[in-house]
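Below is one structure, written out as structure tokens; comments come after it.
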Amino acid sequence: MKENNKLDVKVTNSSMVTRPIRRCFPIFLLPTFAAFFIGFIYPFLKGIYLSFCKFVTTSNATFIGFDNYIKAFNDASFRHAFGYTALYAVVSLVLINLIAFLLAYLLTQGLKGTNIFRTVFFMPNLIGGIVLGYIWSMIFNGILSRYNTSILLETKYGFWGLVVLMCWQQIGYMMIIYIAGLQSVPGDLMEAAVIDGASRWQTLIHVTLPNVMPSITICMFLSLTNGFKLFDQNLALTGGQPFKFMADGTQIRTTEMLALNIYNTFYGQAASAKGVAQAKAVLFFILVAAISLIQLKATKSKEVQQ
Amino acid sequence: MKKRMLAVAMAATMVAACFAGCGNKTTSGSSSDSEGQVYWLNFKPEADEALQGIAKTYTDQTGVPVTIVTAAEGTYNSTLTAEMDKDEAPTLFVVGNQAAVKTWGDFCYDLKDTDVYKELTTDDFTLYDGDKVASIGYCYESFGIIVNKTLLAKAGHSLDEIKNFDSLKAVADDIHANAATLGFDAFTSSGMDDSSSWRFSGHLANMPLYYEAEADGWDGICPATIKGTYLDNYKKIWDLYTTDAKNDKATLADAGYDAETEFLNGEAVFYQNGSWEYSALSEKYSDDELAMIPIYVGVEGEENQGLCSGTENCWAVNANASEEDIQATLDFMKWMVTSEEGTKCMADQFGVIPYKGAQENTNLFIKQGDEMREAGKYTVDWTFNLTPNVDDWRAGVVSAINQYDAGGSWDDVVSAFVDGWATQYQAAQQ
């Protein structure tokens, strides 16, 4: 058996075999590329085109220029959703990462039952967003109904409710990434720090943190983009309620985030709003892409080479 | 060599799997294009099973393929948007209100002078896009307050007492006051979650809208602004629904109460809903135990008010379909409202249909509506079909009512109702 294995390794590495495989690369590449093209590139380009159009069905669109973008910028509910989403993204980014790192740090200290804790903390991540939204709305309302109110009645309840929900769901996931990062901190560095007489706190700040910067980068990236793109949980937990009625008669769904705002514009209103929703979606893409690139650049620069 | 073959085979399988779905469809499509076919995007999930059966009967008799696809509850608009984009778009779909005409008007084939249009007994349910007949009603429904007569008698009251809002309130207040001893309450829960809020932001809101439309002579045209003249009446009936019921009104926003189950379990006497509930309720109650009475809101002369009758079930034919498909669809529609099997299916599934060949209907609530009409009472139209951007407008009303229920001000509801209408009208006009 052993000899056979050795033989196999040699055979796959020889150029006799790799050359024909290299020549066949389109066979391996094409299916994935086709799927990527059909599922991403084509819809993306068409979406950008549609944002300049007035349409009911996407195959029958008339070009109208920048009208949709002007309407999108003038839409008070869209501006509100942007502010609300940004606030949410920042708050959840800080909370999720702080708590996840703390848990990861505790669970790499060699406590008893570490594996059980890791599993338990990770599990919420396996439940779908819509289900979570409904379950948590029941939990919150179970408590709030004692005070004769509901999560749908106060913007601040909706906001903090969503933060709690997302922390509960995401912390476990981020924790796993942090644990991997913490475990890869070289032991000799830690040992050297101890020998040099560094306190626990000093070791954490000056040795551990710089070494887990790659994990921090990826976790911040994930939680920031997740925060901006949040949809199902938002829809199921509050659906935008409560509404605020402005003096000019427009209504603002005070707990509506960007993705839900786009969805509601697309399906809730008259045909002419579909193009506006599309324009909002393009703006949304640019925004999320820009923010995540800036964040990546900022945290990447703090990473150290091991 | 073997490995290479394997790789090629695997890649081929993947590609085949990707395209298999599309391949199938095109072949079946092109083979039947010559004679035309029918694709009905159905709006009522509860009718799906029966419609699949009738489609098969029609295909067996005529050889014309009929496809019936049913959109899941509450997703008709998004399903229609997606389906209309396909090469084989629905040939028959539902355009049930003015907002839908606004969106889908260009897709509606002018039904004027078609054979099926000539079978109609009334134009009351026809929707127009300018002069064009955009869609025609294929059934009509009534809503009001469903009463459990047995429980009402147990509480020591009878239907004869209820003539207007004040007498309804007197009966309901009495039942509510004695709820603990009786073991049931006056009204079922008025839940404001998505599965139930339409009963109030849509159907109950029809009362103030109808009376305002009558007073101001809207004449079936959506006005740019409304006054909310009868919103005090709306408040009265809402307060009655939420006070004379078991659950605390602050919990209505999203506790997910199931009013139908409460009514079936005999937990309440009154239940605001429509004739479509008959099939579910008649499984438990006999016709003698049930009645539907008008929704009294305290408007002068309402002793003479009947049920709210109208429809959101209107057929439209896709103008962009091929000529053969349009003809096949029109033939199918005509068959549905004239043939023995078709009219029977329509009567069973949709209740009353406004066509000459309609079979007698068995729906108690519709019959009671007809009796009231024959007794000279006036029918309340479904004025809410005029609502601009109907989903957004209703969402605003629901949110405002939730705040009111939790101790907020009624002014918010008025604002959502009146200012919301003006805003949505503007938005819909763009």
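Per chain, numbering begins at 1; letters A, B, ... match sequence-line order.
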Please state whether the side chain, the backbone, both or neither of [X] comes within less than 4.5 Å of a heavy atom of chain A.
X: B:A89; result: neither
X: B:D405; result: neither
X: B:A422; result: neither
X: B:W421; result: neither

Looking at every heavy atom in both [X] and [Y], which two are closest together, and how far apart are they?
X: A:Y267; Y: B:N77; answer: O-ND2, 4.0 Å
X: B:T103; Y: A:V56; answer: O-CG2, 3.6 Å
X: B:A406; Y: A:L153; answer: CB-CD1, 3.0 Å
X: A:T57; Y: B:T81; answer: CG2-O, 4.2 Å

Step-by-step side chain to side chain contact (heavy atoms under 4.5 Å, CB included) determination, B:M84 to A:N60
CA-CA 10 Å; B:M84 275 301 197; A:N60 192 3; over 6 Å; no
Would you indicate whether [X], at its atom [atom1], is surrounded by more than 12 heavy atoms from other residues, nucleotides or ligands within a distance under 6.0 Å?
X: B:D87; atom1: CG; answer: no
X: B:D194; atom1: CG; answer: no
X: B:K227; atom1: NZ; answer: no
X: A:Y49; atom1: OH; answer: yes

Top residue by heavy-atom pair count (under 4.5 Å) with chain A, among B:A250, B:A253, B:A395?
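So the answer, after comparing B:A250, B:A253, B:A395, is B:A395.
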Tell me, for A:K244 versus chain B, whether the close heavy atoms (under 4.5 Å) come from the side chain, the backbone, both or neither.
neither
Less than 4.5 Å to any heavy atom of chain B: does that hold for the side chain of A:T58, its backbone, both, or neither?
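It is both, since atoms from each part get that close.
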Check: A:Q251 side chain, B:D392 main-chain N or O, donor-acceptor pair, under 3.5 Å:
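Yes, because the side chain of A:Q251 sits within donor-acceptor range (under 3.5 Å) of the backbone of B:D392.
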Using modelled atom types only, decide if a donor and an acceptor are shared between the side chain of B:S399 and the backbone of A:F243 within a distance under 3.5 Å.
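Answer holds: yes.
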Inter-residue atom distance B:D193.CG - A:L152.CG, 0.5 Å rounding
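Atom-to-atom, B:D193:CG and A:L152:CG are 9.5 Å apart.
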Taking atom CE of B:M192 and atom OG of A:S150, what is their separation to the nearest 0.5 Å?
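Nearest 0.5 Å value for the CE-OG distance: 12.5 Å.
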Run the side chain to side chain contact (heavy atoms under 4.5 Å, CB included) test on A:F245 and B:D419 for me, step by step, so that the C-alpha distance in whole Å, both residues' side-chain angles and the decisive distance to 0.1 Å come before the verdict.
CA-CA 8 Å; A:F245 300 96; B:D419 301 341; over 6 Å; no
